[in-house]
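Okay, so here's the structure we're looking at.
Note that the coordinates shown come from a computational prediction; the quantities given were computed from them, not determined experimentally.
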Amino acid sequence: MTQEQFHAEITRRVKEVINDISREEYDKILTVAFIDPSWCGEQGTQEDGVKEWSEWLCGQLALWAEDDGKEYVVDPFNEENMNILQTEGNYAFTTYEATSHGETLDFWFEFECTYDENEQVKIVLNVNI
């Protein structure tokens with residue numbers, strides 16, 4: 001897999017994840033990405049991780065909405081908000097600046113991206129607070 005192909009696949013998957021988040025369809029995230037194991041709790045399942053992660057995200061947005069008196073959402077994917085910061089062979093570290101109504105939020109999404117000898121791409125989602 002060339003770096004160009006790898007970057008194109010990363011972009012496609014990040015776009016899908018961000019749009020799933022924007023539509024609040026959190027259960028669909030696992031069709032294209034994994035959740036960082038730190039969100040998976042004692043059970044260690046990806047489903048538990050998505051539930052924990054989405055509860056945190058919804059809670060954070062609701063807290064800001066309460067404090068500021070305005071709605072907070074995660075906007076749909078905008079390629080300008082995505083940065084592939086580090087690429088080494090079959091590894092890339094990617095960030096995505098989340099926005100709400102066009103304004104940058106106080107966190108960003110992180111994606112650790114790899115591919116194996118069969119060119120199967122794996123991305124792992126986390127958030128940086």
Margin query: Suppose we screen for salt bridge (charged side-chain N to carboxylate O under 4.0 Å, His left out). Which residues come up paired with E16, at least two apart in sequence or across chains?
Written below: R12
Notebook entry, point to check: Listed by chain and number, what are the salt bridge (charged side-chain N to carboxylate O under 4.0 Å, His left out) partners of E110, not counting sequence neighbours?
Noted result: none
Check: Between Y96 and N78, is any pair of side-chain heavy atoms under 4.5 Å apart?
Finding: yes
Next item on the list: Can you measure from CD (Q46) to CG (D36) and round to the nearest 0.5 angstrom?
Entry: 9.0 Å
Note to self: With rounding to the nearest 0.5 angstrom, report the CH2 to CG distance, W108 to N81.
What the structure shows: 13.5 Å
Notebook entry, point to check: Mind checking what makes salt bridge (charged side-chain N to carboxylate O under 4.0 Å, His left out) contact with E88, not counting sequence neighbours?
Noted result: none
Next item on the list: Go through the steps for V17 and F77 under the test side-chain contact (heavy atoms from CB on, under 4.5 Å), then give the verdict.
Entry: CA-CA 9 Å; V17 168; F77 180 79; over 6 Å; no
Item checked: Crowding at OH, Y26 (>12 non-hydrogen neighbours, <6.0 Å) -> yes
Notebook entry, point to check: Is it true that a side-chain atom of R13 and a backbone atom of V121 form a donor plus acceptor pair closer than 3.5 Å?
Noted result: yes
Next item on the list: Write down the atom of P76, the atom of S22, and the distance for their closest heavy-atom approach.
Entry: N-OG, 3.3 Å
Next item on the list: Kindly determine whether V127 and W39 satisfy side-chain contact (heavy atoms from CB on, under 4.5 Å), including the steps that lead there.
Entry: CA-CA 10 Å; V127 65; W39 293 96; 3.5 Å; yes
Notebook entry, point to check: Heavy atoms, side chains only, cut-off 4.5 Å: are Q60 and Y72 in contact?
Noted result: no
Checklist line | Distance, nearest 0.5 Å, that separates NE2 of H7 from OG1 of T94 | finding: 7.0 Å
Check: Atom CD1 of I84 and atom CE of M82: how far apart are they, to the nearest 0.5 Å?
Finding: 4.0 Å
Notebook entry, point to check: Hey, is the main chain of N118 close enough, under 3.5 Å, to the side chain of D116 for a donor-acceptor pair?
Noted result: yes
Notebook entry, point to check: Between CG of D75 and CG of N19, what distance do you get to the nearest 0.5 Å?
Noted result: 10.5 Å
Note to self: Using the side-chain contact (heavy atoms from CB on, under 4.5 Å) criterion, which residues pair with E71? Sequence neighbours excluded.
What the structure shows: V73, H101
Check: Residues two or more places apart in sequence or in another chain: which of them pass side-chain contact (heavy atoms from CB on, under 4.5 Å) with N90?
Finding: Y115
Notebook entry, point to check: Say you draw a straight line from CG of D20 to CG of L125; how long is it, rounded to the nearest 0.5 Å?
Noted result: 10.5 Å
Checklist line | For K51, all residues meeting salt bridge (charged side-chain N to carboxylate O under 4.0 Å, His left out), sequence neighbours excluded | finding: E55
